Amino acid sequence: MKRIFRTFTGILMGAMVLTACGGESTGSGSSSNALSLYSGVSEDAEKEAIEEIAVAFTEETGISVDVNFPGTGYEDQMRVRMASNDLPDLFDTHGWAINRYGEYTADLSDMDWVEYFDEAMAPILRDEEGKVYAFPINQAKDGIMYNATLLDEYGIELPTTFDEWVDAMETVKGKSDGEVTPLWIPGSNQYTIAQVLDQLSTPLLVTDENNNFEEELLDGSFDWSNYTPLAEFLKGLQEQGLLNTDVLTASEAQRIELMAQNKIAFAFAGGAFGPAVTELNPDIQVGTIPVPAYWEGDEPSWIGGERNTFAVFKDSEKLDEAKQFIEFLAQPENAKKLAEAASLPAGITNVETENYYTEFYDKWAHIQIQPYFDRVYLPSGMWDVYATTGQELLADTLTAEQVSAEMESEYLRLRNQ
């Protein structure tokens, strides 16, 4: 279907389709006068939605858009282009609008859509002076994906605490005679381990009023021995046989297929995961729950904020045209299309979406959204440290205490850069 779509848009708009830098470039008019647009999205449905809106924008305005999806090479390309102050006219800040890309982005605060700015996005999209750094095309609301069909069959209540979550995983392991993996992590991509640790850091270190280390994390005085229980928790799951035995070699491509085969109970995955599973096996419903509470008396948390965005390069020679494209994206029908393609809530408040997870988001609507831990409390570069230390922990080359020591060392080093 995607190939047919691209052929159609190529005929309609004279677009060029090419492969470069490990990613894709498609255009509603790939000329030297086109707006250059780079996005970090990876799912086909999201790519197609962006491409279709770019074509519609060209049809309406006559302004062509060269759409690029570099895939896994996105961050490397952006770092190179930041170093030379030569960014695309429009680009995805993917969670780092202020801390990484802030000095390169134009202020969007005077645009019409800002009237519908979601305050939940403020910590990572707007600064104290009121500058708005990017337009959010969707809003992350991350928790833990689960096999709703399986949990219902086993009579397992949805967990709201770490202890209840472990109990649920133990029940899955016992009732399935080990045939179902309680928590499946595709650790061959070390960043999937980072995602787990990042999401679980919030209930451990932020949300409980008696165990809140926000000030210490922000001023650099945090005692990293307080992080050790999280490393111990993850290692404990492995030692209890609650993780997939191939956690260090398993690939993301396997996750959808195994869930569709009823072989996984819990997973950390993006919004496109559930629809992909159900497409393979309509009898399997994937649900999502907020991240359980670590401390007694605390509540679960959604982890989220900015997922994908478009910012405007402040030194773009086509600044006005780029802002015009942002306003086009913010039109309710376009914003709805972009958000639903990712099976996520919209990034602005005047757009309501219907997606695969709507019933689950509605069920947990009372739960607060907390920003991604590393984006607020850690210096740039710590995502890699999460990944490498987590992988080494599961490979038995670092103990939980050594993980915390390495996290502290890199935290202090990166803060001082």
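These values consider heavy atoms only, across backbone and side chains, with no hydrogens, waters or symmetry-generated copies. Quick caveat, the model's predicted, so the values are computed rather than measured.
- Heavy atoms from other residues, nucleotides or ligands lying under 6.0 Å from OH of Tyr116 number 12 at most.
- In this structure, CG in Asn147 is found 10.0 Å from CG in Asp152, a value given to the nearest 0.5 Å.
- Checking Ser404 against Ser225 by side-chain atom types alone, no donor-acceptor pair falls below 3.5 Å.
- Between Tyr38 and Phe310, the closest heavy-atom pair is O-CE2, 3.8 Å.
- The neighbour count for Glu279 CD, taken as heavy atoms of other residues, nucleotides or ligands under 6.0 Å away, does not exceed 12.
- Pairing each heavy atom of Gly130 with each of Asp107, the nearest pair is O-OD1, 4.4 Å.
- Heavy-atom contacts from other residues, nucleotides or ligands closer than 6.0 Å to CD of Glu354 number 12 or fewer.
- For Asp219 (side chain) and Leu217 (main-chain N/O), no donor-acceptor pair under 3.5 Å exists by modelled atom type.
- With hydrogens and angles ignored, the 3.5 Å screen pairs no side-chain donor or acceptor of Trp96 with any backbone N or O of Gly102.
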The test is salt bridge (charged side-chain N to carboxylate O under 4.0 Å, His left out); show your working for Lys336 and Glu333 and say whether it passes. CA-CA 5 Å; Lys336 178 180 174 70; Glu333 65 273 19; over 6 Å; no
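- Using modelled atom types, one finds a donor on one side chain and an acceptor on the other under 3.5 Å when comparing Asp384 with Tyr191.
- Arg79 contributes no side-chain N or O that, together with a main-chain N or O of Tyr74, makes up a donor-acceptor pair within less than 3.5 Å.
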Does the side chain to side chain contact (heavy atoms under 4.5 Å, CB included) test come out yes or no for Thr358 and Asn355, once each step is laid out? CA-CA 5 Å; Thr358 296; Asn355 64 58; 3.8 Å; yes
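- When atom types are taken as modelled, the side chain of Glu179 and the backbone of Ser176 share no donor-acceptor pair closer than 3.5 angstrom.
- Across Leu242, Val166, Leu237, a single residue satisfies side-chain contact (heavy atoms from CB on, under 4.5 Å) together with Pro182, and that is Leu242.
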Check the pair Glu75, Arg100 against salt bridge (charged side-chain N to carboxylate O under 4.0 Å, His left out), reporting the backbone distance first and the verdict last. CA-CA 11 Å; Glu75 292 211 22; Arg100 180 177 299 169; 2.8 Å; yes
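- Side chains of Gln261 and Glu257: a donor-acceptor N/O pair is present below 3.5 angstrom, by distance only.
- Between Thr161 and Glu164, the shortest heavy-atom distance links the atoms OG1-N, 3.1 Å.
- Side-chain N/O atoms of Asp89 and Ser316 include a donor and acceptor closer than 3.5 Å.
- Aromatic ring orientation, Tyr227 versus Tyr386: tilted (interplanar angle from 30° to 60°).
- Asp118 contributes no side-chain N or O that, together with a main-chain N or O of Thr349, makes up a donor-acceptor pair within less than 3.5 Å.
- Proximity of a side-chain donor or acceptor of Ser39 to a complementary backbone N or O of Phe69 within less than 3.5 Å is not detected.
- In this structure, CG in Leu243 is found 9.0 Å from NZ in Lys235, a value given to the nearest 0.5 Å.
- No side-chain donor-acceptor contact under 3.5 Å links Asn138 to the backbone of Leu344.
- With hydrogens and angles disregarded, no donor-acceptor distance shorter than 3.5 Å links the side chain of Ser301 to the backbone of Ile303.
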How far apart are the C-alpha atoms of Lys337 and Glu52, what are their side-chain angles, what is the distance that settles it, and do they pass the salt bridge (charged side-chain N to carboxylate O under 4.0 Å, His left out) test? CA-CA 10 Å; Lys337 182 174 188 174; Glu52 289 171 2; 2.6 Å; yes
Does Phe162 form a ring-ring contact (aromatic ring centres under 6.0 Å, His included) with Phe233? I'd like the steps, not just the answer. CA-CA 9 Å; Phe162 270 44; Phe233 175 78; 4.7 Å; yes
Between Asp66 and Leu37, does the side chain to side chain contact (heavy atoms under 4.5 Å, CB included) criterion hold? Intermediate values first, please. CA-CA 6 Å; Asp66 183 16; Leu37 180 154; over 6 Å; no
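- Neither side chain, Asn244 nor Thr181, offers a donor N or O lying under 3.5 Å from an acceptor on the other.
- Judged by distance alone, the side chain of Tyr356 and the main-chain N or O of Val286 form a donor-acceptor pair under 3.5 Å.
- Considering every non-hydrogen atom in both Gly220 and Leu412, the closest pair reads O-CD2, 4.0 Å.
- Met407 contributes atom CE, which lies 4.0 Å from atom CH2 of Trp224 (distance to the nearest 0.5 angstrom).
- Asn334 contributes no side-chain N or O that, together with a main-chain N or O of Leu329, makes up a donor-acceptor pair within less than 3.5 Å.
- Distance check: Glu359 CD to Trp364 CH2 gives 13.0 Å after rounding to the nearest 0.5 Å.
- Summarising the geometry of Val65 relative to Ala54, their closest heavy-atom pair is CB-CB, 4.1 Å, with the distance given to 0.1 Å.
- Legend: residues meeting side-chain contact (heavy atoms from CB on, under 4.5 Å) with Thr105, ordered by chain and number and at least two apart, are Phe91, Tyr101, Lys131, Tyr133, Ala311.
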After noting the C-alpha distance and the side-chain angles of Leu205 and Tyr294, does the key distance pass the side chain to side chain contact (heavy atoms under 4.5 Å, CB included) rule? CA-CA 9 Å; Leu205 302 173; Tyr294 183 85; over 6 Å; no
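- Side-chain N/O atoms of Glu170 and Gln240 include a donor and acceptor closer than 3.5 Å.
- Counting only N and O atoms by type, the side chains of Thr149 and Glu153 include no donor and acceptor under 3.5 Å apart.
- Taking all atoms of both residues into account, the shortest heavy-atom contact from Ser188 to Ser251 is OG-CA, 3.5 Å.
- Phe266 and Tyr146 have tilted rings, their planes meeting at an angle from 30° to 60° on a 0 to 90° scale.
- Residues Gln199 and Gln195 bring a donor and an acceptor atom of their side chains to less than 3.5 Å of each other.
- In this pair, Tyr361 and Tyr357 present their aromatic rings tilted. The plane angle is within the 30 to 60° band.
- Annotation: side chain of Ile50 is in contact with side chain of Leu338 (closest heavy-atom distance under 4.5 Å).
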